[in-house]
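Protein chains get the first letters and strands the later ones, always in sequence-line order, with residue 1 at the start of each.
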Amino acid sequence: MTRSPPSKLLLKNPLLSLLQKCRTASQIFQIHGQLITTNIISNTFAASRLIAASVVSDALTMDYAELVFTQIEQPNSFICNTMIKGYIEVSNPHRAFNLYSWMQKKGVLMDNYTYPFVLKACGLMLGLQEGREIHGEVVKRGFELDLFVRNGLIGMYCRCGETICARTLFDDGSHQKDLVSWNSMIHGYVRGGEMGEAQMLFDEMPERDVFSWAMMIDGYGKKVGDIVHAREMFDNMPQRDLVSWNSMIDGYSNVGEMVAARRLFANMPEKNAISWSIMIDGYARDGNPKEALNLFRQMVRQGTKPDKVSAVGAISACAQLGAIDQGKWIHIYLSKNRITLDVVVQTALVDMYMKCGSLDEARKMFNNMSERNVISWNVMIVGLGVNGFGEEALELFAQMEMEETLMDDLTFIGVLTACSHAGLVIEGLQIFNRMRSDYRIEPKLEHYGCLVDLLGRAGKLDEAQNVIETMPMKPNSALWGSLLSACRTHRNITLAEVSLHRLAELKEDDSGVYVIMSNIYAEEGRWDGVLWIRKLMTDRRMMKETGRSVIEVDGGVEEFINGDGSHFPRQERDLVISSLSKMMVTAI
DNA sequence: TTAGGGTTAG
């Protein structure tokens, strides 16, 4: 390919003007073909247009742009800038930065467009060191006078948490500032939860736009949970846009105020998929998966196309409810509507299938994943563990080791839980001991909890007690509770009483704890103990927590509450129970 | 001679 200046003829070339209007992949393919046939592609300007069109198009991946890019012998700055921008858009800041380094190596001159892009890439990959080097380069080449570049620098420092460096640039009076400079700086403070600083700048700034307001609402609502100030901002905002409504609703949802969130959601002038996602996720997190699913169904009915995020919320609601049919329905819906099943959605599906007990589906999904992150592995290991497939969980853990996949503390909670459910005491102990030495992960309270559970279930009660008493941090009620349960299984009254005593000291002796203790006494025929506990519970007016369960009935979710006979006529219910009991007896 | 920087959800 040769480099040639664009002739007047080329500028007017209908193919190139058409390219700017192209949005679909097939349109771009067609023009690409014609550019090759006519050899117009050998012109750098024409190739730039093609790259720009493919980067802008939603239908094409960066792979396609890369394909065109690699065929250009001497890419100019424009082409490189467009590629860097494309990489940022598809959240691949590392490739963006690599291309910048490549430009340096090849001697492609950076211009005032290159720096804002590549600085954003540095901010996104938290590459402070790289950002600093570029800052030096910018100063050396005199680009710090460019407002876009300066704002790029401020943004980069803010993203990397260096608000002080950013502020120095911001406060430098010898250069002009604009609304974006102010907003970038405020955003930096908001990210770090420094709402006082953010507020001061907000009050000082000469003009504000919807960005400024939305950031403050988000900062107060989500970052620091100060819902009162967030609402004040929202109420004072001159012209609310969709984003500010979403931010405010998200703020409420974040602090668990779902009633207030729902009220705003109902009153908002227009909704998008994000508004629905916030509510679905909010309900799912707030322990109301039933309502999360209702909203998801409503969203589909009302014609808002769910995206990946809203689907993940709904899938996790299904997982909480064990609503396998609806989970499958969402899975099919996503495939039918060509919504990409990325690693997050796939992981949510694996988790859902696991929690619903469909292990084969979960395995199939996991095995077919082209990309896995640490969460995907964790979900699989935990799922196998709690479903009693401890050995398989250990195999996966070994596979992770072999593939040198990054592990985190949840991985160890998963694998230790798996060992404990499967009675793999020696394996569990070995893994626990290797946490610090081999993986540099400091065992937390939860890991000690797993260890106590592992030993307790295996009947090694003294060793479990020893762990609790010698561990480096203060044991919590879950640990003593776990030991108490183990004492019940292995009939150890003395240690059970010690555990109960410790739980009482921690003021965590709720009704559940006493019910277990009472059962232990009863199983040993210690009726004096049973009476003592019963009296204690009555004196303290302790109530047993109401038992609840949910099942799927004809595509809906039904909740059953212990003692509430309103669902079925009593006779019918008794009939079902007795036939189920018979089936179970026959099965055994 | 094509383009640019600052908000929202896992």
Can you measure A:Lys120 atom NZ to B:dT7 atom C1' for me and round it to whole angstrom units? 11 Å
Identify whether any heavy atom of A:Lys308 sits under 4.0 Å from a base atom; if not, whether one sits that close to sugar-phosphate; answer base, sugar-phosphate or nothing. base
Ignoring backbone atoms, establish whether A:Arg285 has a side-chain N or O less than 4.0 Å from OP1 or OP2 of B:dG10. yes
A:Asp209 atom CG is separated from B:dG6 atom P, nearest whole Å, by 13 Å
Counting any heavy atom closer than 4.0 Å, what does A:Phe117 reach on the DNA or RNA strands: base, sugar-phosphate only, or nothing? sugar-phosphate
Length of the CE-P vector between A:Met215 and B:dA9, whole Å: 13 Å
Could you tell me the separation between the CD1 atom of A:Ile88 and the C1' atom of B:dG4, rounded to a whole number of Å? 10 Å
Verify whether one side chain among A:Tyr115 and A:Arg141 offers a donor that lies under 3.5 Å from an acceptor in the other. yes
If I take atom OH in residue A:Tyr220 and atom C1' in nucleotide B:dT7, what distance separates them, rounded to the nearest angstrom? 16 Å
Would you call A:Phe45 stacked on B:dT2, i.e. ring centres under 5.5 Å apart with the planes less than 30° off parallel? no
Using a cut-off of 4.0 Å on non-hydrogen atoms, how would the nucleic acid contact of A:Asn254 be classed: base, sugar-phosphate, or nothing? nothing
Does A:His331 form a side chain to side chain contact (heavy atoms under 4.5 Å, CB included) with A:Met365? I'd like the steps, not just the answer. CA-CA 11 Å; A:His331 190 171; A:Met365 188 89 224; 3.7 Å; yes
Identify whether any heavy atom of A:Leu147 sits under 4.0 Å from a base atom; if not, whether one sits that close to sugar-phosphate; answer base, sugar-phosphate or nothing. base
Tell me every residue that passes side chain to side chain donor-acceptor pair (under 3.5 Å) with A:Asp178, counting only those two or more places apart in sequence or in another chain. A:Asn151, A:Ser181
Under 3.5 Å donor-acceptor pair, A:Asn81 side-chain atoms to B:dG4 base atoms: no
Using atom OH of A:Tyr113 as one end and atom P of B:dT1 as the other, report the distance to the nearest whole Å. 13 Å
Just to verify, which of A:Leu334, A:Ile339, A:Leu341 counts as forming a side-chain contact (heavy atoms from CB on, under 4.5 Å) with A:Lys308? A:Ile339
Which of these, A:Thr114, A:Ile51, A:Val108, A:Ile72, sits in a side-chain contact (heavy atoms from CB on, under 4.5 Å) with A:Cys80? A:Val108
Just jot down the side chain to side chain donor-acceptor pair (under 3.5 Å) partners of A:Gln298, sequence neighbours excluded, or say none. none
Rounded to the nearest Å, what distance is computed from the CG atom of residue A:Asn378 to the P atom of nucleotide B:dG10? 19 Å
Identify whether any heavy atom of A:Asp241 sits under 4.0 Å from a base atom; if not, whether one sits that close to sugar-phosphate; answer base, sugar-phosphate or nothing. nothing
With a 4.0 Å heavy-atom cut-off, tell me which residues in residues 173-202 of chain A come close to DNA chain B, sorted by residue number. A:Asp178, A:Leu179, A:Val180, A:Asn183, A:Ser184, A:His187
Taking the six-membered ring for Trp, are A:Phe202 and A:Trp213 ring centroids under 6.0 Å apart? yes
Atom CH2 of A:Trp213 and atom P of B:dT7 are separated, to the nearest Å, by 18 Å
Tell me whether the OP1 or OP2 atom of B:dG6 has a side-chain N or O from A:Arg150 closer than 4.0 Å. no
